[in-house]
Amino acid sequence: MAAWSPAAAAPLLRGIRGLPLHHRMFATQTEGELRVTQILKEKFPRATAIKVTDISGCGAMYEIKIESEEFKEKRTVQQHQMVNQALKEEIKEMHGLRIFTSVPKR
């Protein structure tokens with residue numbers, strides 16, 4: 001029996017469901033992830049970590065993890081409001097957004 005591989009399984013799974021696979025096997029970012037990441041880098045220049053993941057596979061829902069000094073001494077709700085404000089225009093096109101914020105540990 002041949003070894004399983006994602007490349008070999010994709011056509012089979014597409015044939016079963018009739019839909020393309022949305023799960024990415026490699027660490028590349030989608031166009032939407034890159035756009036949101038760039039906006040966050042511009043709005044939070046002191047961020048030490050930004051990770052944007054399209055969890056819907058089609059650009060409808062994103063998970064954002066951002067660590068920045070800008071969040072220092074702000075409550076979690078205020079931190080999330082800052083992210084929402086930074087992405088105000090992009091959010092109009094999204095179905096949902098998960099936000100995780102933190103302040104860098106020294």
Side-chain angles (χ1 to χ4, degrees):
M1 184 171 180
W4 180 87
S5 74
L12 176 63
L13 291 173
R14 270 195 291 272
I16 292 171
R17 296 188 189 107
L19 298 171
L21 290 178
H22 291 293
H23 180 71
R24 294 190 319 265
M25 297 293 179
F26 304 102
T28 59
Q29 286 190 299
T30 66
E31 185 178 317
E33 290 169 338
L34 289 170
R35 185 178 65 253
V36 171
T37 299
Q38 186 59 40
I39 292 166
L40 292 172
K41 284 180 180 180
E42 292 169 8
K43 300 290 184 175
F44 299 97
R46 295 170 46 199
T48 54
I50 297 175
K51 181 171 180 172
V52 177
T53 306
D54 177 355
I55 56 177
S56 66
C58 64
M61 187 163 185
Y62 290 89
E63 179 177 277
I64 295 172
K65 296 180 181 179
I66 181 168
E67 179 180 272
S68 179
E69 284 290 331
E70 283 99 337
F71 299 139
K72 191 173 186 176
E73 298 181 12
K74 298 212 181 335
R75 295 183 326 235
T76 302
V77 69
Q78 293 171 313
Q79 295 171 12
H80 289 204
Q81 288 170 340
M82 292 169 68
V83 174
N84 281 316
Q85 182 62 33
L87 298 172
K88 183 171 58 175
E89 291 303 312
E90 288 68 27
I91 287 173
K92 292 176 184 178
E93 304 298 322
M94 294 180 192
H95 175 70
L97 186 62
R98 288 187 197 161
I99 301 172
F100 299 92
T101 55
S102 62
V103 176
K105 292 174 178 57
R106 295 193 182 246

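All of these numbers come straight from a predicted model, not from anything done at the bench. Worth knowing before you read on, the calculation uses all heavy atoms, side chains too, and leaves out hydrogens, waters and symmetry mates.
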Give, for atom [atom1] of [X] and atom [atom2] of [Y], the distance between the pair rounded to the nearest 0.5 Å.
X: Phe44; Y: Ile66; atom1: CZ; atom2: CD1; value: 5.0 Å
X: Met82; Y: Leu40; atom1: CE; atom2: CG; value: 11.0 Å
X: Thr53; Y: Met61; atom1: OG1; atom2: CE; value: 11.5 Å
X: Gln85; Y: Lys43; atom1: CD; atom2: NZ; value: 8.0 Å
X: Ile55; Y: His95; atom1: CD1; atom2: NE2; value: 10.0 Å
X: Leu97; Y: Asn84; atom1: CG; atom2: CG; value: 6.0 Å

Determine whether a donor-acceptor pair (N or O, by modelled atom type, separation under 3.5 Å) exists between the side chain of Ser56 and the backbone of Cys58. yes
Check: Glu33 main-chain N/O paired with Asp54 side-chain donor or acceptor under 3.5 Å: no
Would you say Met94 and Val36 make side-chain contact, with heavy atoms under 4.5 Å? yes
Can you find a heavy atom in the side chain of Ile39 that is under 4.5 Å from one in the side chain of Arg35? yes
Which pair of heavy atoms, one from [X] and one from [Y], lies closest together, and at what distance?
X: Val83; Y: Phe71; result: CG2-CZ, 4.0 Å
X: Lys74; Y: Gln79; result: O-NE2, 3.0 Å
X: Tyr62; Y: Gly32; result: OH-CA, 3.4 Å

Are Lys51 and Phe100 close enough, and set up right, to give a side chain to side chain contact (heavy atoms under 4.5 Å, CB included), and what steps lead you there? CA-CA 10 Å; Lys51 181 171 180 172; Phe100 299 92; over 6 Å; no
Salt bridge (charged side-chain N to carboxylate O under 4.0 Å, His left out) between Glu67 and Lys65: does it pass, once the steps are laid out? CA-CA 7 Å; Glu67 179 180 272; Lys65 296 180 181 179; over 6 Å; no
Any donor-acceptor pair under 3.5 Å linking the side-chain atoms of Glu42 with those of Gln38? yes
